[in-house]
Participant: 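Please find one structure pasted underneath; my questions will follow.
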Amino acid sequence: MKKSDFHPGHQNQHIESRIVAALERISQAFRVLLWQESKEFSLSPIQVQVLIFLLHHSEEKRKVSYLADEFNMTKATISDTVKTLEQKALITKEYEPHDSRSYIIRLTPKGKEIAGRTSLFTREIHSPIDKLNADDKENLLLSLMNIIRHLNRTGVITIQRMCLTCMYYETGAKGQKHFCRLLNQDLQVTDLRVDCPEHELKT
Ligand code: SF4
(Lines give C-alpha, C1' and ligand atoms only; values in the text may rest on other atoms or scores of the structure.)
Protein backbone atom coordinates (compact mmCIF):
# COMPACT_ATOMS: atom_id res chain seq x y z
CA MET A 1 0.00 0.00 0.00
CA LYS A 2 1.20 3.52 -0.80
CA LYS A 3 2.56 5.27 2.30
CA SER A 4 0.89 8.41 3.58
CA ASP A 5 2.61 11.76 3.09
CA PHE A 6 2.04 12.26 6.83
CA HIS A 7 3.96 9.11 7.88
CA PRO A 8 7.11 10.57 9.49
CA GLY A 9 9.42 7.74 8.38
CA HIS A 10 8.18 7.96 4.80
CA GLN A 11 8.40 11.75 4.91
CA ASN A 12 12.01 11.65 6.01
CA GLN A 13 12.94 9.60 2.95
CA HIS A 14 10.88 11.52 0.38
CA ILE A 15 11.19 15.24 -0.21
CA GLU A 16 7.85 15.21 -2.12
CA SER A 17 6.03 14.10 1.03
CA ARG A 18 7.80 16.74 3.09
CA ILE A 19 6.67 19.39 0.59
CA VAL A 20 3.06 18.13 0.82
CA ALA A 21 3.27 18.19 4.62
CA ALA A 22 4.73 21.70 4.52
CA LEU A 23 1.90 22.91 2.25
CA GLU A 24 -0.58 21.42 4.71
CA ARG A 25 1.04 23.44 7.54
CA ILE A 26 0.73 26.59 5.44
CA SER A 27 -2.95 25.87 4.68
CA GLN A 28 -3.39 25.53 8.45
CA ALA A 29 -1.79 28.98 8.87
CA PHE A 30 -4.28 30.48 6.38
CA ARG A 31 -7.15 28.97 8.37
CA VAL A 32 -5.80 30.24 11.71
CA LEU A 33 -5.13 33.78 10.42
CA LEU A 34 -8.51 33.98 8.71
CA TRP A 35 -10.23 32.72 11.84
CA GLN A 36 -8.50 35.36 13.99
CA GLU A 37 -9.53 38.10 11.59
CA SER A 38 -13.12 36.81 11.41
CA LYS A 39 -13.48 36.71 15.20
CA GLU A 40 -12.49 40.35 15.48
CA PHE A 41 -15.51 41.35 13.36
CA SER A 42 -17.88 38.61 14.62
CA LEU A 43 -17.98 37.05 11.15
CA SER A 44 -17.34 33.50 9.95
CA PRO A 45 -14.26 32.74 7.78
CA ILE A 46 -16.41 32.25 4.65
CA GLN A 47 -18.19 35.56 5.28
CA VAL A 48 -14.79 37.30 5.39
CA GLN A 49 -13.61 35.47 2.25
CA VAL A 50 -16.74 36.55 0.38
CA LEU A 51 -16.31 40.18 1.48
CA ILE A 52 -12.67 40.19 0.31
CA PHE A 53 -13.64 38.62 -3.01
CA LEU A 54 -16.39 41.20 -3.58
CA LEU A 55 -13.92 44.01 -2.90
CA HIS A 56 -11.56 42.92 -5.66
CA HIS A 57 -13.73 41.49 -8.45
CA SER A 58 -15.98 42.84 -11.16
CA GLU A 59 -19.78 42.72 -11.34
CA GLU A 60 -20.14 39.58 -13.46
CA LYS A 61 -18.23 37.64 -10.78
CA ARG A 62 -20.26 39.04 -7.87
CA LYS A 63 -23.11 36.54 -8.17
CA VAL A 64 -24.12 33.56 -6.06
CA SER A 65 -23.35 30.93 -8.72
CA TYR A 66 -19.88 32.35 -9.40
CA LEU A 67 -19.09 32.57 -5.68
CA ALA A 68 -20.25 28.97 -5.20
CA ASP A 69 -17.75 27.81 -7.85
CA GLU A 70 -15.03 30.11 -6.56
CA PHE A 71 -15.23 28.72 -3.01
CA ASN A 72 -16.19 25.17 -4.00
CA MET A 73 -19.43 25.40 -2.05
CA THR A 74 -23.09 24.84 -2.83
CA LYS A 75 -25.27 27.73 -4.01
CA ALA A 76 -27.44 27.20 -0.90
CA THR A 77 -24.45 27.73 1.43
CA ILE A 78 -23.37 30.86 -0.43
CA SER A 79 -26.95 32.18 -0.46
CA ASP A 80 -27.05 31.76 3.34
CA THR A 81 -23.73 33.58 3.66
CA VAL A 82 -25.00 36.43 1.47
CA LYS A 83 -28.22 36.62 3.48
CA THR A 84 -26.28 36.98 6.74
CA LEU A 85 -24.01 39.64 5.24
CA GLU A 86 -27.11 41.53 4.11
CA GLN A 87 -28.62 41.32 7.61
CA LYS A 88 -25.36 42.76 8.98
CA ALA A 89 -25.67 45.61 6.45
CA LEU A 90 -22.36 44.71 4.79
CA ILE A 91 -23.78 44.03 1.31
CA THR A 92 -26.82 44.88 -0.81
CA LYS A 93 -28.41 42.91 -3.64
CA GLU A 94 -29.14 44.51 -6.99
CA TYR A 95 -31.68 42.37 -8.84
CA GLU A 96 -31.26 42.01 -12.59
CA PRO A 97 -34.14 43.46 -14.65
CA HIS A 98 -34.54 40.35 -16.85
CA ASP A 99 -34.38 37.77 -14.02
CA SER A 100 -35.88 38.49 -10.60
CA ARG A 101 -34.00 35.52 -9.02
CA SER A 102 -30.54 36.68 -10.12
CA TYR A 103 -28.70 39.56 -8.46
CA ILE A 104 -25.35 41.33 -8.31
CA ILE A 105 -23.90 41.67 -4.82
CA ARG A 106 -22.54 45.06 -3.80
CA LEU A 107 -20.53 46.00 -0.72
CA THR A 108 -21.94 48.77 1.45
CA PRO A 109 -19.46 51.41 2.73
CA LYS A 110 -19.23 49.46 6.02
CA GLY A 111 -18.71 46.20 4.05
CA LYS A 112 -15.95 47.86 2.03
CA GLU A 113 -14.20 49.04 5.15
CA ILE A 114 -14.27 45.60 6.80
CA ALA A 115 -13.24 43.88 3.55
CA GLY A 116 -10.28 46.26 3.22
CA ARG A 117 -9.12 45.66 6.77
CA THR A 118 -9.61 41.88 6.81
CA SER A 119 -7.95 41.45 3.40
CA LEU A 120 -4.62 42.11 5.14
CA PHE A 121 -4.89 38.84 7.09
CA THR A 122 -2.06 37.28 5.03
CA ARG A 123 0.62 39.65 6.43
CA GLU A 124 2.54 36.92 8.31
CA ILE A 125 2.57 34.67 5.23
CA HIS A 126 3.68 37.54 2.98
CA SER A 127 6.56 38.50 5.28
CA PRO A 128 8.92 35.47 4.76
CA ILE A 129 8.09 35.44 1.01
CA ASP A 130 9.29 39.05 0.85
CA LYS A 131 12.68 37.90 2.10
CA LEU A 132 13.23 35.25 -0.60
CA ASN A 133 15.65 36.13 -3.38
CA ALA A 134 14.26 36.84 -6.87
CA ASP A 135 15.06 33.35 -8.29
CA ASP A 136 13.45 31.57 -5.36
CA LYS A 137 10.32 33.70 -5.73
CA GLU A 138 10.06 32.85 -9.44
CA ASN A 139 10.60 29.13 -8.82
CA LEU A 140 8.08 29.12 -6.01
CA LEU A 141 5.46 30.94 -8.11
CA LEU A 142 5.89 28.57 -11.07
CA SER A 143 5.82 25.48 -8.85
CA LEU A 144 2.65 26.62 -7.09
CA MET A 145 0.97 27.46 -10.41
CA ASN A 146 1.75 23.99 -11.71
CA ILE A 147 0.24 22.43 -8.57
CA ILE A 148 -2.87 24.62 -8.93
CA ARG A 149 -3.20 23.69 -12.63
CA HIS A 150 -3.06 19.99 -11.75
CA LEU A 151 -5.67 20.42 -8.99
CA ASN A 152 -7.90 22.30 -11.44
CA ARG A 153 -7.50 19.67 -14.20
CA THR A 154 -8.35 16.85 -11.82
CA GLY A 155 -11.46 18.67 -10.58
CA VAL A 156 -10.28 19.22 -7.00
CA ILE A 157 -10.65 22.99 -7.30
CA THR A 158 -12.89 24.74 -9.77
CA ILE A 159 -12.38 28.25 -11.06
CA GLN A 160 -8.87 29.44 -11.89
CA ARG A 161 -7.95 32.77 -13.38
CA MET A 162 -4.23 32.26 -13.88
CA CYS A 163 -2.13 32.45 -17.06
CA LEU A 164 -1.46 28.72 -17.22
CA THR A 165 -5.17 27.98 -17.72
CA CYS A 166 -5.94 30.94 -20.01
CA MET A 167 -6.87 30.75 -23.71
CA TYR A 168 -4.60 33.75 -24.40
CA TYR A 169 -1.54 32.07 -22.88
CA GLU A 170 1.16 30.49 -25.03
CA THR A 171 4.31 28.77 -23.91
CA GLY A 172 7.45 27.33 -25.52
CA ALA A 173 7.93 23.56 -25.86
CA LYS A 174 9.88 23.37 -22.61
CA GLY A 175 7.61 25.77 -20.75
CA GLN A 176 10.37 28.35 -20.53
CA LYS A 177 8.74 31.13 -22.57
CA HIS A 178 5.45 32.75 -21.71
CA PHE A 179 3.36 34.91 -24.03
CA CYS A 180 -0.04 36.61 -23.66
CA ARG A 181 -1.96 36.96 -26.95
CA LEU A 182 -4.38 39.46 -25.42
CA LEU A 183 -1.68 41.84 -24.20
CA ASN A 184 0.42 40.81 -27.23
CA GLN A 185 3.59 40.62 -25.16
CA ASP A 186 6.08 38.23 -23.66
CA LEU A 187 5.54 37.58 -20.01
CA GLN A 188 8.42 37.17 -17.60
CA VAL A 189 7.82 34.70 -14.79
CA THR A 190 7.33 37.71 -12.54
CA ASP A 191 4.49 38.88 -14.84
CA LEU A 192 2.51 35.61 -14.70
CA ARG A 193 -0.86 36.25 -13.10
CA VAL A 194 -2.74 34.11 -10.60
CA ASP A 195 -5.95 36.16 -10.63
CA CYS A 196 -6.20 38.03 -13.94
CA PRO A 197 -9.32 40.14 -14.67
CA GLU A 198 -8.98 39.36 -18.42
CA HIS A 199 -8.60 35.60 -17.99
CA GLU A 200 -10.65 33.41 -20.34
CA LEU A 201 -10.64 29.71 -19.59
CA LYS A 202 -8.85 27.54 -22.15
CA THR A 203 -11.26 24.88 -23.42
S1 SF4 B 1 -5.17 37.46 -20.37
FE2 SF4 B 1 -4.34 37.47 -18.27
S3 SF4 B 1 -4.39 35.32 -17.61
FE4 SF4 B 1 -4.61 35.36 -19.84
S5 SF4 B 1 -2.49 35.05 -20.55
FE6 SF4 B 1 -2.94 37.25 -20.54
S7 SF4 B 1 -2.17 37.96 -18.54
FE8 SF4 B 1 -2.35 35.72 -18.43
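When a ligand or atom number is given, it counts from 1 through the structure's own listing order. The figures that follow rest on heavy atoms only: side chains count, while hydrogens, waters and symmetry mates do not. Every value quoted in this text rests on a predicted model; they were computed, and no experiment measured them.
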Participant: Which of the atoms of ligand 1 are close to Arg193, meaning less than 4.0 Å from one of its heavy atoms?
Facilitator: 7 (S)
Participant: In terms of side-chain geometry, is the basic nitrogen of Glu70 or Lys61 positioned less than 4.0 Å from the acidic oxygen of its partner?
Facilitator: no
Participant: Do the charged groups of Arg106 and Glu86 touch, with an N to O distance under 4.0 Å?
Facilitator: no
Participant: Please check if the side chain of Thr165 supplies one atom and the backbone of Arg161 the other of a donor-acceptor pair under 3.5 Å.
Facilitator: no
Participant: Within a 6.0 Å radius of atom NZ on Lys83, are there more than 12 heavy atoms belonging to other residues, nucleotides or ligands?
Facilitator: no
Participant: Report the part of Cys166 in contact with ligand 1, treating N, CA, C, O as backbone and CB onward as side chain, heavy atoms under 4.0 Å; options are side chain, backbone, both, neither.
Facilitator: side chain
Participant: Flag Cys196 as yes if one of its N/O/S atoms falls below 2.8 Å of atom 8 (Fe) of ligand 1, otherwise no.
Facilitator: no
Participant: Against heavy atoms of Cys163, which atoms of ligand 1 measure under 4.0 Å?
Facilitator: 3 (S), 7 (S), 8 (Fe)
Participant: Checking a contact table here: which protein heavy atom is nearest atom 6 (Fe) of ligand 1, and how many Å away?
Facilitator: Cys180 SG, 2.3 Å
Participant: Evaluate the ring planes of Phe53 and His57, with Trp represented by its six-membered ring, and classify them as parallel (under 30°), tilted (30 to 60°) or perpendicular (over 60°).
Facilitator: parallel
